Amino acid sequence: MVNAHINKTETKNINLIIDKRPVSVPEGTTILDAAKKCGINIPTLCYLRDINEIGACRVCLVEIEGGEKLVTACNTMIEEGMVVYTNSKRVRSARRTNIRLILSQHDANCPNCTRNGNCTLQSLCRDMNITDRIYEKKLAENDAPGSFPLIKEAAKCIKCMRCINVCDKIQSVNAWELRGTGARAAIGAAGGKTISESGCTLCGQCITHCPVAALKERSDEERVIAALGDPDLITVIQIAPAVRAAWAESMKLTAEKANVGRLVSLTRALGFNYVFDTDFSADLTVMEETSELIERLKSGKKYKYPLFTSCCPAWVTFAKERFPDAAENLSSTKSPQQMFGAAVKGYFAGLIGENPSKIFSVSVMPCLAKKKEAADSPNAFENGRDVDAVITTRELARMITSANHDVEAAEEENFDSPLGLASGAGVIFGTTGGVSEAVLRTAYYFITGKNPSPDCFSNVRENDNGMRKYTIDIAGAKVSLGIASGLRNARRLIEMIESGEEHFDIVEIMACPGGCSGGGGQPIHDGFELAAQRAEILKTLDCSSEIRFAHENPSIKRIYDEYYGAPLSEKAHAELHTK
């Protein structure tokens, strides 16, 4: 008789032997995960959990006792009594052969590669002691890179399919596709187009998940270096919030030493005349966007669509191309990057008595889409862009490393004034939910005339599978809020709004999972997602800030008093907003 109280969904454990070690793991476990449970590492190259489990690279091959063929550990399920060998002579020989075959179609010019020292294929060759070449090299021809911020080098592509599946399953952008079969297989932009024509939003997630350097950002380092060497230019650099949480990851600094003061010092040592903080313009964004939201709430009008945040250019591109009706409701507030560029060439140029055309404005961003945003955005002034050049966190790290400064010994320094003073509200722009929380802090003040507890809205930064909703009561005014990170989640959220299933007053969307902390321009750690850990750094910085509200930043008060007048003023609209 069956006990009626037994849980019918209870998972059964399977017993097997891996490399002579008895293992008992739940049914439905792969050999790869079962081996990891008992401390046995099976090498992988194409594998990404829940995203790319296709065994394409054949590097994770293992031998099953009694089996005629080797099997891929990443997608072969365990069976009762199975005996597995992960490092037999047969396995080692097959893996080495497969790596050599991959190398025969891979441009292995490692010294000139941006992933030298941080390449999974390079590490596998080292670990397997592959130093020879026994197969004839047949490299694909690289496309001309052009000016698009994302570059694919076909000669480096190992056809692992990660880029396709990350773009499809995580972002639902579908910008990449597999063409041809067998030895003639190649990965290219979807629909036979170029990547610039494919609908790519430049989120950069394909780059951070590529195990080699087949995908990379367009380098703008030389343009910046040339500007630094031009005596007729005043070079100004702004550093985005998420950058401070990741800039030193490749430099092996302790968390204590990898602080923003040392980052400012090392950046200034590159030769910049002024080093400023994008958090300042994040505070400025809060002032303008909060004012937009409150105008909407006071109007009494019923809107089908909420006010969408416009800080993330990859999301803005996605909305314009795929949801044009929703895009009509994007906040007209410029992103912090563009807003900062306008403030530098307007307000700051006046302070130092210089013509805006003499200022070369650089931003350091955790993002590729910012490169395109800077080039394409309507500018506040006729004599040049708001932002002249954008480099990623990775590019800045390379510039610091190549300058041969003693990174660990660098003295800590402060940002320049007045565009270097920011609140903790500006810092949390670097993580999903941070923009919403910063806006809510100031909205509460604008509505009630007093500050809330600075942490009373911190739950909006809690990540719940990339999509969440809240209703906030501010002195009787109920504000409905939606948050999504990752473009697949953004798609789901907008579809719910369009169907009438959900209604929001304001929606924050970040294209990258986890927000800017997990941006496509951040340092790459293959197989690890560090957005959450970086977000914790930003949370700590916010909590330790002397100023926690954008509206209490004295530099923000000053710029309105001396230049813009008030949020949403005619001058603010002319320089800080766009269409």
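Quick caveat, the model's predicted, so the values are computed rather than measured.
- No donor-acceptor pair closer than 3.5 Å links the side chain of S281 to the backbone N or O of L284.
- The two atoms that bring P306 and F504 nearest to each other are CB-O, 3.2 Å, heavy atoms only.
- Using a 4.5 Å heavy-atom threshold, the side chains of T201 and R322 count as touching.
- Across all non-hydrogen atoms, the minimal contact from R534 to G518 is NH1-CA, 4.2 Å.
- D283 places a side-chain N or O within donor-acceptor distance of the main-chain N or O of S423, the cut-off being under 3.5 Å.
- The number of heavy atoms from other shown groups lying within 6.0 Å of NZ (K169) is above 12.
- From M399, atom CE reaches atom CD1 of I391 across 5.0 Å, with rounding to the nearest 0.5 Å.
- Judged by a 6.0 Å distance limit and a 45° cone about the ring axis, R441 is not positioned over the six-membered ring of F457.
- Shown here are the side chain to side chain donor-acceptor pair (under 3.5 Å) partners of Q171, two or more places apart in sequence or in another chain: there are none.
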(message) side-chain contact (heavy atoms from CB on, under 4.5 Å) for S335 and K370? Distances and angles first, verdict last.
(response) CA-CA 9 Å; S335 74; K370 291 291 182 183; 3.3 Å; yes

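- Nearest approach of D386 to K334, heavy atoms of both residues: OD2-NZ, 2.8 Å.
- Here the straight-line distance linking atom CD1 of I537 with atom CG of N259 works out to 11.0 Å at 0.5 Å rounding.
- Results of the side chain to side chain contact (heavy atoms under 4.5 Å, CB included) test with Q238 over V243, V362, V387 single out V387 as the only residue that passes.
- S453 and D455 share no donor-acceptor pair across their side chains, judged by distance under 3.5 Å alone.
- Under 3.5 Å, the side chains of E575 and Y347 contain no donor-acceptor pair of N or O atoms.
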(request) Start with the C-alpha gap between R461 and T432, add the side-chain angles, then the distance that decides, and say whether side-chain contact (heavy atoms from CB on, under 4.5 Å) holds. (result) CA-CA 6 Å; R461 273 184 281 155; T432 180; over 6 Å; no

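- Nearest heavy atom pair, residue T431 against residue A535, reads OG1-CB, 3.3 Å.
- For the residue pair E292 and T333, a side-chain donor N or O sits within less than 3.5 Å of a side-chain acceptor on the partner.
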(message) For L215 and C163: C-alpha separation, side-chain torsions, deciding distance, then whether side-chain contact (heavy atoms from CB on, under 4.5 Å) applies.
(response) CA-CA 9 Å; L215 294 165; C163 56; 3.7 Å; yes

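- For the pair S499 (side chain) and M496 (backbone), a donor-acceptor distance under 3.5 Å is present.
- Of the residues listed (R223, K345, K358), the one engaging D388 in a salt bridge (Lys or Arg N to Asp or Glu O under 4.0 Å) is K345, and it is the only one.
- Between C203 atom SG and L487 atom CG the span is 6.0 Å, to the nearest 0.5 Å.
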(request) Please assess Q522 against L530 for the test side-chain contact (heavy atoms from CB on, under 4.5 Å), listing each intermediate value before the final yes or no. (result) CA-CA 10 Å; Q522 294 281 65; L530 298 183; over 6 Å; no

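- Looking at L481 and V460, their side chains come closer than 4.5 Å, going by heavy atoms from C-beta outward.
- Remark: side-chain polar atoms of S198 are paired, donor with acceptor, to backbone N or O of I195 under 3.5 angstrom.
- Panel note: side chain S331, backbone S310; no donor-acceptor pair is recorded below 3.5 Å.
- Looking only at side-chain heavy atoms (C-beta outward), S485 and C512 stay at 4.5 Å or farther from each other.
- Remark: side-chain polar atoms of E508 are not paired, donor with acceptor, to backbone N or O of T309 under 3.5 angstrom.
- Side-chain N or O atoms of R394 include one that pairs as donor or acceptor with a backbone N or O of G520 at under 3.5 Å.
- For the residue pair T235 and N273, a side-chain donor N or O sits within less than 3.5 Å of a side-chain acceptor on the partner.
- For the atom pair CD (E412) and CG (N414), the distance works out to 9.0 Å, reported to the nearest 0.5 Å.
- Side-chain contact, E437 with N459: no donor N or O sits under 3.5 Å from an acceptor N or O.
- The residues R488 and D168 are annotated as not salt-bridged, no charged nitrogen and carboxylate oxygen being separated by less than 4.0 angstrom.
- How far CG of L419 is from CD1 of I559: 6.0 Å, rounded to the nearest 0.5 Å.
- With hydrogens and angles ignored, the 3.5 Å screen pairs no side-chain donor or acceptor of S265 with any backbone N or O of G261.
- Counting only heavy atoms from C-beta outward, the side chains of D220 and E395 approach each other to under 4.5 Å.
- Judged purely by atom type and a 3.5 angstrom limit, D473 uses its side chain to pair as donor or acceptor with the backbone of G476.
- With respect to the salt-bridge test (charged N to carboxylate O, under 4.0 angstrom), the residues D542 and R548 qualify.
- K301 has its side chain out of reach of R296: every pair of non-hydrogen atoms, C-beta onward, lies at least 4.5 Å apart.
- Looking only at side-chain heavy atoms (C-beta outward), D277 and L421 stay at 4.5 Å or farther from each other.
- There is no side-chain donor-acceptor pair under 3.5 Å between E288 and S291.
- Counting heavy atoms from C-beta outward, I400 and L396 have side chains that approach closer than 4.5 Å.
- S196 places a side-chain heavy atom less than 4.5 Å from the side chain of T194.
- Looking only at distances, no side-chain donor or acceptor of S377 sits under 3.5 Å from a matching main-chain atom of A374.
- Residues E217 and K371 are not paired through a salt bridge, judged by the lack of any N-O separation under 4.0 Å between the basic side chain and the carboxylate.
- Listed here is the closest heavy atom pair of I170 and P513: CG2-CG, 3.7 Å.
- In plain terms, the two heavy atoms of A242 and P366 that are nearest each other are CB-CG, 3.8 Å.
- By the 30° and 60° cut-offs, the orientation of the rings of F348 relative to F276 is perpendicular.
- Between E529 atom CD and Q205 atom CD the span is 7.0 Å, to the nearest 0.5 Å.
- Listed by first then second residue, pairs satisfying ring-ring contact (aromatic ring centres under 6.0 Å, His included) with a partner in residues 415-446 read Y445-H551, not counting sequence neighbours.
- With no hydrogens or angles considered, no side-chain donor-acceptor pair links N489 and R468 at under 3.5 Å.
- For K152, the NZ atom counts as densely surrounded, since its 6.0 Å shell holds more than 12 non-hydrogen atoms of other residues, nucleotides or ligands.
- Ion pairing of R268 with D416 is present here, as a side-chain N (NZ or NE/NH1/NH2) and a carboxylate O approach within less than 4.0 Å.
- Between D279 and R244 there is a salt bridge, since a side-chain N of the basic residue sits under 4.0 Å from a carboxylate O of the acidic one.
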